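Worksheet for the structure shown next.
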Amino acid sequence: MVIKRENFTAPSKVHIVGGKFKATAALIVSVVGSCLTLPFAVGGFWAGLVHHGFVASAIGGLADWFAVTALFRRPLGIKYRTEILRRNRGRITESIVKFAADDLLSVGNIMGVVNGQNTAALMVDYLVNRGGRERVKELVAEVLLGVLSVADTKRIGEALAPSVKNSFNKLPLMEILHTAFLLPTEEKYRRPLLNSLILSVAEICRTDDVQKIIKAHIVELRRDYEADSMGRAFVLSSLGLDDEKILAVLNEKLEVFFSELTDCQSERFAALEDEFAALFRRIAENHTLLANGRSFIMKEVADADVAGYIGNELKAHFDNPESFWLQDLYRFIDNEIDKFAASDKERQAFDRAVKNFIESELVKHHDALAVMIEERFNKWSDDELTAFVESRVDDDLQMIRINGAVVGAIVGMGLFVFVWIAERVALR
């Protein structure tokens, strides 16, 4: 239970005075009534009854006013046995602190409330239905990004670089290269790779730079063709085969050629596919080529700035809130939350762990409750404490005063009737 600070602030005097209005009004009515009915007190039964009722009410009201006021102040300036709360503040505070800490908020009472709660169910509800999942991910990411933002990526790279380079020395690069070159010989890899290569070559042929090169060769070939014969030039001219037209025809032929090459059912593709697979088999079985490949890789790794590369990559990912590793982290958190929500065993273990932790902390720090309550009381001055207590019981205390006036009036009138009857009986 959370106790708000404002619940313990001292009330205003306006509130306290307002609470006493009814009781004070009843007392004034009793006193004024006593004075007004005094001349008629001996005038008859009813006048005497009313007068004695007012007098007894005033006496009862005054007595209860004195008693109630004595709890907090000195009524009529009387010091003896008054200001009870102020004079007994230490003893009252000690009793309240002892009651609150040892009885009301004892470890047993608190754990009785805690044990009645299913903390795992509360946690699952928070995580699944109340936005806790996203809050956990935001908090974890915020903490990790904060830690990583101050990390010295350069030093991390320098520390990791020797291990990375040594790991390459231990890798079976010959076997890896052999396996890598054999992959294109398998149909599931060969066909997509071959198609990709063909489409890439076709796209390159369509680029402006390649078209210019082809056109330059067409011009050169045409000039060589026409150099020794005017008739050849005339024939080409009459057919409208200028350089642009020849280039267009050649591009059409290339498109048809590439279309046939990418058709997995065509003979050209089948032949190319066989040659492609055979080429990679020969490469994979060429020990000298594989050894040269291994030497090239090892030299490149030895000469590479591995430390700088690792440092730069780490910094780029550490500084990027959208980095791939955060998405992996979010997926990991989601999986763990879903697994926790679905597992009775994990929820029961969590519930036991939470309650054991709370109980152990209460046992270790229970004395702090008494200290906190006592410190709170000690922050109040005597006037603030008096006003606080009075505000909490003010309505009940004023009802005591009103009840005193009412009961006094009833008792006064009852005594008057008793005496009146006794006098009449005695005179007979």
Side-chain angles (χ1 to χ4, degrees), residues 1-24 64-119 122-123 125-126 130 132 135 139 351 353-403:
M1 179 178 66
V2 178
I3 302 178
K4 296 183 180 179
R5 181 182 179 85
E6 59 266 29
N7 290 343
F8 293 94
T9 55
S12 64
K13 292 184 178 180
V14 175
H15 173 74
I16 296 175
V17 172
K20 297 177 180 178
F21 176 76
K22 293 181 180 179
T24 303
D64 287 339
W65 166 80
F66 186 92
V68 168
T69 305
L71 292 172
F72 309 105
R73 286 174 291 281
R74 297 176 183 177
L76 304 177
I78 299 173
K79 297 182 180 180
Y80 182 73
R81 297 292 183 178
T82 58
E83 290 187 315
I84 294 174
L85 182 61
R86 190 184 299 266
R87 287 190 301 104
N88 294 277
R89 173 173 180 161
R91 183 164 55 86
I92 294 173
T93 299
E94 181 181 355
S95 299
I96 292 175
V97 170
K98 181 175 177 60
F99 169 73
D102 296 342
D103 296 330
L104 185 62
L105 297 177
S106 66
V107 174
N109 287 344
I110 295 175
M111 289 309 301
V113 175
V114 172
N115 288 329
Q117 302 295 321
N118 187 336
T119 59
L122 294 175
M123 178 59 73
D125 181 60
Y126 170 71
R130 302 183 183 277
R135 180 59 186 146
L139 181 61
D351 188 59
V354 169
K355 290 174 180 177
N356 290 338
F357 173 78
I358 293 174
E359 186 172 13
S360 65
E361 290 301 306
L362 283 173
V363 171
K364 286 191 292 186
H365 305 293
H366 188 259
D367 292 342
L369 287 174
V371 174
M372 291 169 59
I373 297 171
E374 187 173 4
E375 286 179 350
R376 181 57 190 163
F377 270 99
N378 290 336
K379 286 182 180 179
W380 285 333
S381 66
D382 289 343
D383 291 338
E384 289 176 335
L385 180 60
T386 299
F388 168 73
V389 176
E390 187 175 5
S391 70
R392 293 305 188 267
V393 296
D394 183 57
D395 290 340
D396 293 328
L397 293 177
Q398 303 318 311
M399 282 306 301
I400 290 175
R401 291 178 55 190
I402 294 173
N403 290 338

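Just so it is clear, the model here is predicted, and its values are computed rather than measured.
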Between atom NZ of Lys379 and atom CD of Glu374, what is the distance when rounded to the nearest 0.5 Å? 12.5 Å
Would you find a donor on one side and an acceptor on the other, under 3.5 Å apart, between the side chain of Thr69 and the backbone of Phe66? no
Measure the spacing between CG of Asp351 and CG of Asn356 and express it to the nearest 0.5 Å. 9.0 Å
Can any side-chain N or O of Asn109 pair as donor or acceptor with the backbone N or O of Leu105 at less than 3.5 Å? no
Distance check, rounded to the nearest 0.5 Å: Asn403 atom CG versus Gln398 atom CD? 11.0 Å
Exam field: side chain Arg87 to backbone Thr82, donor-acceptor pair closer than 3.5 Å: yes
Trace of the salt bridge (Lys or Arg N to Asp or Glu O under 4.0 Å) decision for Lys364 with Glu361: CA-CA 5 Å; Lys364 286 191 292 186; Glu361 290 301 306; 3.0 Å; yes
Value for CG (Asn378) from OG1 (Thr93), rounded to nearest 0.5 Å, stands at 6.5 Å
CH2-CG distance between Trp65 and Leu397, expressed to the nearest 0.5 angstrom: 14.0 Å
Report yes or no: does Lys98 contribute a side-chain atom to a donor-acceptor pair with the main-chain N or O of Ala370 at less than 3.5 Å? no
Heavy-atom side-chain proximity of Glu359 to Val114 below 4.5 angstrom: no
For a 4.5 angstrom cut-off between non-hydrogen side-chain atoms, does Val393 reach Phe72? yes
What's the spacing between Met111 CE and Ser106 OG if we round to 0.5 Å? 11.0 Å
Which heavy-atom pair separates Pro75 from Ala70 by the least distance, and what is that distance? CD-CA, 3.9 Å
Under 4.5 Å between any side-chain heavy atoms of Thr24 and Arg401, yes or no? yes
